[in-house]
Amino acid sequence: MTGYALMAVGIIRLSGRRRKFSDWLLVTAALALSVLVGVTHWYLDNQMRAAIFNANSSVFLALSSAAILVGFLRDRLPGRIGLAASLMAAMTFSALVVLGVVFPEYGPIAPRNAFFMLIICHFSVALFVVVLVQERAEAKLSRLANTDALTGIPNRQNFLASLPHQLKHGDGFIMIDIDHFKSVNDRHGHEVGDAVLVGVAQTIAAAAGGKLLLGRLGGEEFALFLRDQTEETLFAAADDVRRKIKALAFVVDAGTVRPTASAGVALWSDECDATRLRDRADQALYRAKRGGRDRVEMYAAPAAAPLPSVAAVVAF
């Protein structure tokens with residue numbers, strides 16, 4: 001009985017919950033039940049012993065499967081489904097043993113057969129525990145490879161890989177760069193600079209709302225990819241992010257750091273791919289920098305060179 005309690009504690013922690021002193025209450029309850037069975041000499045009766053043991057195991061198996069299913073809402077790993085199903089099957093066969101022992105006439109399966117199936121379920125539980133641990137390790141490696149370690153948003157590799165292969169009308173890029181960021185590091189130190197980067201990244205992520213592609217391309221430069229936009233809505237989205245960044249304030253020993261950002265936006269046209277569209281947004285960003293910073297600039301195609309006049313052609 002104590003072994004099932006320890007297994008439940010282990011599976012609850014495997015599911016992702018941090019260690020809590022209350023987890024050991026499960027073990028305490030199992031030990032208390034064991035003492036009770038010993039004091040009352042219930043263990044001398046085979047049927048009573050089997051009923052108590054399997055009722056105890058079914059309760060702890062139910063708690064374990066519930067913890068695994070609740071954890072599925074947090075990280076949707078396929079191994080959780082197999083592990084939860086194995087635990088619920090084991091719980092069911094434990095309950096069937098109790099039913100067959102206490103009410104033999106109502107038991108749909110002989111207790112010895114249910115107990116045999118329970119052993120098989122335990123092998124399945126062990127297998128899916130290994131699968132879940134492996135899936136979690138792979139998910140963690142993937143997250144580390146695709147997430148910027150400092151800000152927690154997608155990194156350059158993840159952002160570029162997530163871009164659609166075929167662009168369409170309404171697709172647009174927003175390039176954002178924190179103004180005078182080097183001076184923040186020089187004046188206040190890299191810890192303050194990191195705090196500013198994280199704050200700006202979180203502000204951009206909140207503006208994206210989980211529906212837009214975003215990423216930190218490097219240093220203090222961020223990018224957003226939007227669909228179904230017009231020049232007006234794309235510009236408005238960039239300006240909204242700019243204003244939210246400007247509203248940030250970081251209190252430091254030497255005063256308050258209030259970052260600003262410049263942004264460049266570009267809307268897709270037939271003759272460019274994702275790389276060229278991003279370059280156009282980058283060009284607009286540099287225009288915003290040269291234009292005084294803390295502003296948004298829309299990419300404008302360079303004016304075509306005027307055709308030579310007829311008189312000039314004749315003269316030539």
Side-chain angles (χ1 to χ4, degrees), residues 16 73-76 139-140 142-164 170-185 188 190-252 255-268 274 277-278 281-282 284-285 288-289 293-299:
L73 301 176
R74 182 175 54 256
D75 56 341
R76 298 179 179 276
K140 183 177 180 179
S142 176
R143 190 164 54 249
L144 290 174
N146 294 294
T147 304
D148 180 64
L150 176 63
T151 62
I153 68 173
N155 58 18
R156 179 187 184 91
Q157 172 186 331
N158 188 4
F159 175 76
L160 296 180
S162 301
L163 293 175
D171 290 346
F173 260 101
I174 300 176
M175 299 292 292
I176 302 168
D177 189 89
I178 302 175
D179 297 329
H180 303 295
F181 182 71
K182 185 177 182 302
S183 66
V184 174
N185 280 330
H188 304 286
H190 288 281
E191 288 188 4
V192 174
D194 289 348
V196 171
L197 278 173
V198 172
V200 170
Q202 291 175 347
T203 300
I204 297 173
K211 299 180 180 179
L212 310 179
L213 293 179
L214 77 153
R216 180 187 177 193
L217 300 191
E220 63 271 23
E221 190 173 58
F222 302 86
L224 283 166
F225 177 80
L226 300 82
R227 311 211 83 160
D228 302 321
Q229 300 293 310
T230 64
E231 287 190 351
E232 291 77 15
T233 60
L234 189 62
F235 187 95
D239 197 52
D240 179 60
V241 174
R242 179 195 66 80
R243 287 186 286 104
K244 289 178 178 177
I245 293 174
K246 189 174 183 178
L248 296 174
F250 300 88
V251 179
V252 297
T256 303
V257 177
R258 298 184 181 277
T260 63
S262 302
V265 297
L267 197 63
W268 182 80
L277 183 60
R278 181 164 53 89
D282 223 14
L285 171 61
K289 292 284 189 182
R293 304 176 189 269
D294 189 24
R295 57 188 293 146
V296 178
E297 287 286 347
M298 173 72 70
Y299 172 80

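Because the structure is predicted, anything quoted here is derived from the model rather than measured. Start at 1 with the first residue, then count along the sequence.
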Item to complete: Please determine, by modelled atom types, if Asp179 and Ser262 share a side-chain donor-acceptor pair under 3.5 angstrom.
Response: yes
Discussion item. Please list all pairs meeting side-chain hydrogen bond (donor to acceptor under 3.5 Å, both in side chains) that have one or both residues in residues 221-230, counting only residues at least two apart or in different chains.
Written reply: Asp171-Arg227, Gln229-Thr233, Thr230-Glu232, Thr230-Thr233
Item to complete: Could you tell me the separation between the CZ atom of Arg293 and the CG atom of Asp177, rounded to the nearest 0.5 Å?
Response: 8.0 Å
Worksheet entry | Closest approach of Phe250 to Gly199 (non-hydrogen atoms, all atoms of both residues) | CZ-CA, 3.9 Å
Item to complete: Apply the test side chain to side chain contact (heavy atoms under 4.5 Å, CB included) to residues Leu163 and Leu160: give CA-CA distance (whole Å), side-chain angles for both, the deciding distance (0.1 Å), then the verdict.
Response: CA-CA 5 Å; Leu163 293 175; Leu160 296 180; 4.1 Å; yes
Response to the item:
Scanning both residues in full, the closest heavy-atom pair of Ser162 with Leu213 reads O-CD1, 3.4 Å
Worksheet item: Between atom CE of Met175 and atom CG of Asp282, what is the distance when rounded to the nearest 0.5 Å?
Response: 4.0 Å
Worksheet item: What's the shortest heavy-atom distance between Leu214 and Ala205, and which atoms?
Response: CD1-CA, 3.7 Å
Practice prompt. Not counting sequence neighbours, which residues clear side chain to side chain donor-acceptor pair (under 3.5 Å) with Thr151? List them please.
Written response: Asp148
Worksheet entry | Nearest-0.5 Å distance, NZ of residue Lys289 to CD of residue Glu297 | 12.5 Å
Discussion item. Using the rule given for side chain to side chain contact (heavy atoms under 4.5 Å, CB included), can you reason through Ile204 versus Ile153, listing the C-alpha separation, both sets of side-chain angles and the distance that settles it, and then say yes or no?
Written reply: CA-CA 10 Å; Ile204 297 173; Ile153 68 173; over 6 Å; no
Worksheet item: Who passes salt bridge (charged side-chain N to carboxylate O under 4.0 Å, His left out) against Asp194, sequence neighbours left out?
Response: none
Fill in: Summary of ring pair (Phe, Tyr, Trp, His ring centres under 6.0 Å) pairs that have at least one residue in residues 197-227, sequence neighbours excluded
Phe173-Phe225
Worksheet item: Minimum heavy-atom separation for Val184 to Gly193, with atom names?
Response: CG1-CA, 4.2 Å
Item to complete: Taking side chain to side chain contact (heavy atoms under 4.5 Å, CB included) as the test, write out the residues that go with Ala266, two or more places apart.
Response: Leu277, Arg280, Ala281, Tyr299
Item to complete: Kindly determine whether Asp239 and Arg243 satisfy salt bridge (Lys or Arg N to Asp or Glu O under 4.0 Å), including the steps that lead there.
Response: CA-CA 6 Å; Asp239 197 52; Arg243 287 186 286 104; 3.6 Å; yes
Practice prompt. Identify, with sequence neighbours excluded, every residue that meets side chain to side chain contact (heavy atoms under 4.5 Å, CB included) alongside Ser183.
Written response: His180
Worksheet entry | For Ile176 against Ala261, the heavy-atom pair lying closest together | CG2-CB, 3.9 Å
Worksheet item: What's the shortest heavy-atom distance between Asn155 and Ala145, and which atoms?
Response: ND2-O, 2.9 Å
Worksheet entry | Distance, nearest 0.5 Å, that separates CD of Gln157 from OG1 of Thr147 | 10.5 Å
Fill in: Sequence-distant partners of Lys246, salt bridge (charged side-chain N to carboxylate O under 4.0 Å, His left out), two or more places apart
Asp294
Discussion item. Does Val296 form a side chain to side chain contact (heavy atoms under 4.5 Å, CB included) with Ile174? I'd like the steps, not just the answer.
Written reply: CA-CA 9 Å; Val296 178; Ile174 300 176; over 6 Å; no
Practice prompt. Output all residues satisfying side chain to side chain contact (heavy atoms under 4.5 Å, CB included) with Ala249, sequence neighbours left out; order by chain, then residue number.
Written response: Thr256, Arg258
Worksheet, complete the sentence: Those residues at least two apart in sequence (or on a different chain) that pass side chain to side chain contact (heavy atoms under 4.5 Å, CB included) with Thr203 are Lys244, Ile245, Leu248
Fill in: Partners passing side chain to side chain donor-acceptor pair (under 3.5 Å) against Asn185 (at least two apart in sequence or in another chain)
none
Discussion item. Can you tell me how far apart CZ (Arg143) and CG (Asn158) are? Round to the nearest 0.5 Å.
Written reply: 12.5 Å
